[in-house]
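Heads up, the thing below is written out as structure tokens.
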Amino acid sequence: MALRTLDSLGDLSGRTVLIRCDFNVPVQDGRITDEGRIVASLPTLRALLEQGAKVVTMSHLGRPKGAPDPQYSLAPVAERLGELLGAEVAFAADTVGEDAQRVRIGLGEGQLALLENLRFDPRETSKDAAERASFAAELAAGADAFVSDGFGVVHREQASVFEIAQALPSAAGLLVERELGVLARLTESPERPYAVVLGGSKVSDKLGVIEHLLPRVDRLLIGGGMLFTFLDAQGYGVASSLLEEDQLERVRGYIADAEQRGIELLLPTDVVVAAAFAADAEHETVAADSIESSRFGADGIGLDIGPETASAFAEAIRGSRTVFWNGPMGVFEMEAFAAGTRAVAQALTEAEGLTVVGGGDSAAAVRQLGFDDAAFGHISTGGGASLEFLEGARLPGLEVLGW
Ligand code: ADP
Ligand code: MG
């Protein structure tokens with residue numbers, strides 16, 4: 001079956017269309033620090049508005065605990081979205097309450113609203129399908145169609161992604177279509193050499209991906225928080241660095257598997273070790289097998305790949321024809337530990353062939369470090385979703401759209 005796209009919904013003029021976007025942007029002190037995901041949602045929103053639909057957008061932001069929490073309000077997104085669209089965005093202070101109803105009823109053709117954070121309702125992410133379905137039914141009330149355009153959440157079985165698509169005539173938006181098109185190029189017949197660069201902090205999440213990628217890639221580069229589990233698996237101490245001890249056996253298996261398959265597994269040969277997890281912490285570069293001998297001893301925390309590793313990674317990336325990168329190489333948010341991430345990003349911009357950056361923090365990193373979006377083949381709005389796609393996992397939010 002094929003993914004149902006916007007045109008399958010027919011003429012939407014005068015119709016109330018509910019659209020799931022991924023406006024989960026980083027917010028600091030009420031300011032949006034990377035608006036990439038909002039910008040990425042604009043083509044579909046414009047297409048719906050131009051058709052004269054009454055558009056009700058919805059999203060989550062961060063991880064509130066199933067109850068309203070002002071620090072996770074979508075109000076700053078409503079404001080920025082309005083500026084970007086050059087149109088007024090009616091903001092509802094709830095999702096299925098009186099205010100949402102007021103806002104929806106007040107919408108004219110070609111007008112747009114945004115509901116408050118979906119995760120203020122515990123049913124959005126409930127493990128109980130009946131609870132999710134009840135939330136979806138309340139969201140769907142008064143709407144004529146549902147558009148799924150939050151690519152970053154299509155791997156989630158959540159009320160606003162999955163159940164809602166069963167409650168209304170539904171289709172994928174333009175962003176989801178575009179993301180899938182690029183990722184398909186990575187899975188179908190990538191130009192070789194094909195390199196995957198992994199980093200970030202969600203170690204156990206990402207280790208699973210390696211198993212599925214090993215048979216497909218030519219080069220696997222490991223940085224970020226997960227590198228320490230690899231170093232420890234080789235018998236090197238990692239002091240106070242991020243370590244997932246329960247994954248050591250698994251990681252040893254990957255190292256052996258890579259060797260047997262003749263895959264180039266690039267692990268760091270040097271790391272930047274700091275006295276503490278802080279922007280102004282003292283730090284030094286040491287060999288990857290000598291982390292415990294840094295001057296910080298057992299307190300040392302590895303916060304970035306070292307310069308030797310960064311140049312080896314950059315060379316491997318520049319010499320590849322297809323590159324997928326997910327997860328910063330270090331704690332790029334702190335300038336002292338951003339060099340590894342900067343070097344990898346720079347190398348992607350220099351590589352010929354298709355380069356794809358996936359992941360919320362990775363995308364934020366390249367922009368924060370001053371790179372232009374256009375210097376990359378594609379910056380995906382979805383980290384977990386793109387990894388699961390590459391793994392060949394089933395993505396509930398796409399299956400429900402006929403994919
Ligand atoms: P993405 O959103 O791109 O998928 P993740 O969410 O997995 O990436 O990880 C991003 C985070 O990983 C960043 O905030 C970064 O500071 C952190 N990180 C990278 N390297 C390390 C490290 N060595 N120790 C701790 N955190 C790290
Ligand atoms: Mg992240």
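Along the sequence shown, residues carry numbers from 1. Each ligand, and each atom within it, is numbered from 1 in the order the structure gives.
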Students should be able to answer this: which protein heavy-atom is nearest to [atom], and at what distance?
atom                    : value
atom 14 (O) of ligand 1 : E333 OE2, 2.4 Å
atom 6 (O) of ligand 1  : D361 OD2, 3.0 Å
atom 7 (O) of ligand 1  : K206 NZ, 2.6 Å
atom 23 (N) of ligand 1 : G302 O, 3.1 Å

Taking the six-membered ring for Trp, is the centroid-to-centroid distance between W325 and F371 below 6.0 Å?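 Between W325 and F371, the centre distance exceeds or equals 6.0 Å.
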Just going by heavy-atom distances, which of [options] is nearest to [atom]?
atom                    : options          : value
atom 27 (C) of ligand 1 : T341, L387, V331 : V331
atom 18 (N) of ligand 1 : G330, G224, S362 : G330
atom 17 (C) of ligand 1 : S201, A338, G223 : S201

Protein N/O/S neighbour count - the Mg ion (ligand 2), strictly under 2.8 Å: 1
I'd like to know if the side chain of [X] reaches the main chain of [Y], judged simply by a donor and an acceptor atom lying under 3.5 Å from each other, with no hydrogens or angles considered.
X    : Y    : result
Q51  : L12  : yes
S380 : G382 : yes
E116 : L74  : yes

Donor-acceptor contacts, no H, no angles, side chain residues 287-302, under 3.5 Å, sequence neighbours left out:
unit_1: E292; atom_1: OE2; unit_2: A239; atom_2: N; d: 3.0
unit_1: S294; atom_1: OG; unit_2: F296; atom_2: N; d: 3.0
unit_1: R295; atom_1: NH1; unit_2: E282; atom_2: OE1; d: 2.6

So V272 and L303, do their side chains get closer than 4.5 Å, heavy atoms only?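 L303 vs V272: side chains apart.
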Using a strict threshold of under 4.0 Å (side-chain N to carboxylate O), is an ion pair present between R132 and E157? yes
Between R156 and E388, does any NZ, NE, NH1 or NH2 come within less than 4.0 Å of an OD or OE carboxylate oxygen? no
Contact with ligand 1 for F228, non-hydrogen, under 4.0 angstrom: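 Yes, that is the case, since the closest heavy atom of the residue is under 4.0 Å from the ligand.
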For H283, which residues count as a ring pair (Phe, Tyr, Trp, His ring centres under 6.0 Å) partner, sequence neighbours excluded? F337
The criterion is salt bridge (charged side-chain N to carboxylate O under 4.0 Å, His left out); which residues satisfy it with E249, sequence neighbours excluded? R252
Is there at least one pair of N or O atoms, one from N326 and one from ligand 1, spaced under 3.5 Å apart? yes
